[in-house]
Amino acid sequence: MRAREGPFLGVDMKTIAHWIGGREITEPEARTGPVSNPATGEQTAQVLLASDALVDRAVRVAAQAAISWAESSLSQRSRVLFALRELVNAHLDDLAGVICDEHGKVLSDARGEVQRGLEVIEYACGVPTLVKGDYSDQVSTDVDLFSYRQPLGVVAGITPFNFPAMVPMWMFPLAIATGNTFILKPSERDPSAAILLARLAQEAGLPDGVLNVVQGDATAVEALLDHPGVAAISFVGSTAVARHIHQRATAAGKRVQALGGAKNHAVVLPDADPVLAASHLVASAFGSAGERCMAVSVAVLVGSDGDAVLDQVGEQARAVRVGPGRAPDSEMGPVITSGARQRIEDLITSGVEQGAHALVDGRGLVVPGYEGGFFVGPTVLDRVTAAMDVYRQEVFGPVLAVVRARDVDEAIALINASPYGNGTALFTSSGEAARRFHRGVRVGMIGINVPIPVPLAYYSFGGWKDSLFGDRHIYGPEGVSFYTRAKAVTVRWPVRDEASEASLAFPTAR
Ligand code: NAD
C-alpha cells in the first residue's frame, strides 16, 4: 500500500494518513502515534491522530455524500459490494501481510480474519432482499399499510487492534449497503488495513465520501461521540471503553452498539473425547496469542478425569511454535506492544503468587533473531480460583486458566457469576448436558464441541452482560436493523366523489 514519506525523529518515517472524500488527508501540526512491528519491536511508521477539526471535516464530507448515496438504487449498491468482494478476495494476501506486520498474528490467521470479514461483504451483497419491507392490503376499507426501512445518515465505527480488517468489515459493508455513509476510526496500533480497505472500496466504484477513515485516539473518538452530525456509533473494544462509549453517545442522542471484553470459559465433561477437547483448548487459547475476544481463557475441567485432559493440554501448549508472523512455521506470533507483554506477565505472576500452579510458563520467552519482539509463550495455570486477579481480569494474552467443577451445573453457575457473557463452549457427548448448558448459560454465543463459536454473517454476533452495551448485536439481521429505521405508511386513495367519513373519534379499522 502507498504511504506518505516524511521526516520523523530525524529519519524518514512512513506516515499513515486519514482517508476522507476518496483521498489521503493530512493535517499540519497533527499529533502522531507510533506504529510498530510487534515481531521486531521496531517502530515502522507514525499514524496521524485526528483533532476535533479533522473529525468535523470528515463528518461534513460524509454528510454531503450521504445525500446522493441514500438515493442510490439497491442494484447500484449491490454491484459495488459484489465488486468489493472480488477486490478484497484478490488482495487477501496483501491485507494479511499488512495485518501481520502491524498486529503480529501469523499469516494463516490473518488470512482467516480477512475471510471472515469477506463473509459480511457477501451477506451485504444481498441488500435488495435484506431491506424488503411488508405490505398489508385492505387493513381497513380501502386502506393499505406498508413499511420500509431508510438509512440513518452518517454512522461511525470505532474498532480494536486485534482484528484490524475483520471488525471494520463487521460494520461498514452493511452500513453502506443500507444507504448510510461511514466514518471508520480504526485502532491507532494497526491502522493500515483500514486504509487499504477504503482504497479497495473506491476501486470497486464506491463514491468518494461514502467510506472515510479517521485515524486517531480517544480525542477522535470523543469528537465522533459528541458530533451532532453522527447518527449512530458501532464500537468494538474493551469493556471499560465500551461502557463509556455507550453512556456518552446515548446521552448525545445516538443509536449505539458497543461490544466489550470477554472471559470465555470452555467446559470439558468426563464424557468428552479428551484428545479432541485438549487440542481445541490449546488452539483457541493460544491462536492469535490469545488476543481474540472469543479466545478460550478459562478451561473448566469437570470430574476426576480432568487431569488426563490437563496433561494433554500441557504437552500441546509446550509444542506450540512461537515466532514472527511471517515465518512459515510460526503458529503463534507476539502480542501487540511491550506494555501488553508486561501486563500479561504481571497477571501470570500474580496468579502464581496467589496460589496457581504454572504447568506451562511463557514468561520471559526470547525468540532467537527477534530479541526485541513482544513475545509471551503459551502459559497454562492450574488450580486457579475465581478470587484470583488472573481469573477476574481479561488477560487478552496466551494464558489459559484452569479451574475445576464437580458437574455441569456447577460449571454453569461459575460462568453465570462472571460479569462477561461473550462466548462459551462445552465439550461433551451428551445431548442432554449440551441442552442444559446452552439453555442455562447467560452468554451470547455458545459452542457445543466448537471452541470459537463466531456466528456466520447471516446470523448476528454479540455477547451478554458486560460484553455488549446496547440492544443490537453486530452484522447479520441485527446489523441491518441497527443501520436503518422503519417507516410505516398508511394509505387511502379515495374514490372521487365518494362520501368521506371523518370522525373526531380515534381511528379504528372498518
Ligand atoms: P480498546 O478498548 O483499548 O480500544 C478500542 C478502540 O477504542 C480503539 O479504536 C481505541 O483507539 C479507542 N479507545 C481506547 N481508549 C479509549 C478511550 N479512553 N476513550 C475513547 N476511545 C478509546 O481495545 P483494544 O485494546 O484495541 O482491543 C482489545 C479489546 O477489545 C479486548 O478487551 C477485547 O475483548 C475487545 N474485543 C471485543 C470484541 C467483541 O466482539 N466483543 C471483539 C474484538 C475485541
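Here, residue 1 is the first one in the sequence, and each next residue gets the next number. One-based numbering, in listed order, for ligands and for the atoms of each.
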Check ion pair [X]-[Y] (N to O, under 4.0 angstrom):
| X | Y | value |
| --- | --- | --- |
| Arg248 | Asp226 | yes |
| Arg404 | Asp382 | yes |
| Arg85 | Glu122 | yes |

Taking only heavy atoms of [X] into account, list the atoms of ligand 1 that are under 4.0 Å away from them.
| X | answer |
| --- | --- |
| Ile158 | 6 (C), 7 (O), 9 (O) |
| Glu222 | 19 (N), 20 (C) |
| Val221 | 20 (C), 21 (N) |
| Asn422 | 41 (N) |
| Glu394 | 31 (C), 32 (O), 33 (C), 34 (O) |
| Glu188 | 10 (C), 11 (O) |

Students should be able to answer this: which protein heavy-atom is nearest to [atom], and at what distance?
| atom | result |
| --- | --- |
| atom 7 (O) of ligand 1 | Phe235 CE1, 3.4 Å |
| atom 8 (C) of ligand 1 | Thr159 O, 3.3 Å |
| atom 17 (C) of ligand 1 | Ala218 CB, 3.8 Å |
| atom 28 (C) of ligand 1 | Phe396 CE2, 3.5 Å |
| atom 24 (P) of ligand 1 | Phe161 CD2, 3.6 Å |
| atom 15 (N) of ligand 1 | Val241 CG2, 3.7 Å |

| task | Among Asp109, Asp101, Asp93, find the one that has a salt bridge (Lys or Arg N to Asp or Glu O under 4.0 Å) with Arg326. | result |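 The salt bridge (Lys or Arg N to Asp or Glu O under 4.0 Å) with Arg326 is passed solely by Asp101 among Asp109, Asp101, Asp93.
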| request: Mark yes when over 12 heavy atoms from residues, nucleotides or ligands other than Arg57 sit less than 6.0 Å from its CZ; otherwise mark no. | output: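 Incorrect, the count does not exceed 12.
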| request: Count the heavy atoms belonging to other residues, nucleotides or ligands that lie under 6.0 Å from CZ of Arg23, then report whether that count exceeds 12. | output: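 Atom CZ in Arg23 is not crowded, with 12 or fewer foreign heavy atoms closer than 6.0 Å.
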| query | Is a donor on one side and an acceptor on the other found under 3.5 Å between the side chain of Asn180 and the backbone of Ala175? | reply |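 Judged by distance alone, yes, a pair lies under 3.5 Å.
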| task | Check whether any protein heavy atom sits under 4.0 Å from atom 40 (O) of ligand 1. | result |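 So far as the 4.0 Å threshold goes, atom 40 (O) of ligand 1 is in reach of a protein heavy atom.
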| From Thr349, Thr379, Asp346, residue fulfilling side chain to side chain donor-acceptor pair (under 3.5 Å) relative to Arg363 |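 Testing each of Thr349, Thr379, Asp346 against Arg363, the sole residue satisfying side chain to side chain donor-acceptor pair (under 3.5 Å) is Thr349.
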Below 3.5 Å, N or O to N or O, backbone or side chain included: is there any such pair between [X] and ligand 1?
| X | answer |
| --- | --- |
| Asn162 | no |
| Lys185 | yes |
| Leu259 | no |
| Gly260 | yes |
| Trp170 | no |
| His244 | no |

| Centroid-to-centroid, His265 to Tyr420, below 6.0 Å? |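 No.
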| message | As an exercise, state the distance from OG of Ser187 to CD of Gln215, rounded to the nearest 0.5 Å. | response |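 One gets 9.5 Å once the value is rounded to the nearest 0.5 Å.
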| query | Rounded to the nearest 0.5 Å, what separation is found between the OG1 atom of Thr239 and the CG atom of Asn422? | reply |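 Reported value, rounded in 0.5 Å steps: 8.5 Å.
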| Side chains of Phe461 and Ile474 in contact at under 4.5 Å (non-hydrogen atoms) |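 SC-SC contact between Phe461 and Ile474 confirmed.
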| message | Quick check: do Leu48 and Thr15 have side-chain heavy atoms less than 4.5 Å from each other? | response |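 Of all side-chain heavy-atom pairs linking Thr15 with Leu48, at least one is under 4.5 Å.
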| Does some non-hydrogen atom of Arg292 fall short of 4.0 Å from ligand 1? |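 No heavy atom of Arg292 comes that close to ligand 1.
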| Among the heavy atoms of Gly463, does any lie under 4.0 Å from an atom of ligand 1? |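 False for this residue.
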| request: Would you tell me which option among Ser238, Pro160, Ala220 has the nearest heavy-atom contact to atom 2 (O) of ligand 1? | output: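 Minimum heavy-atom distance to atom 2 (O) of ligand 1 goes to Ser238.
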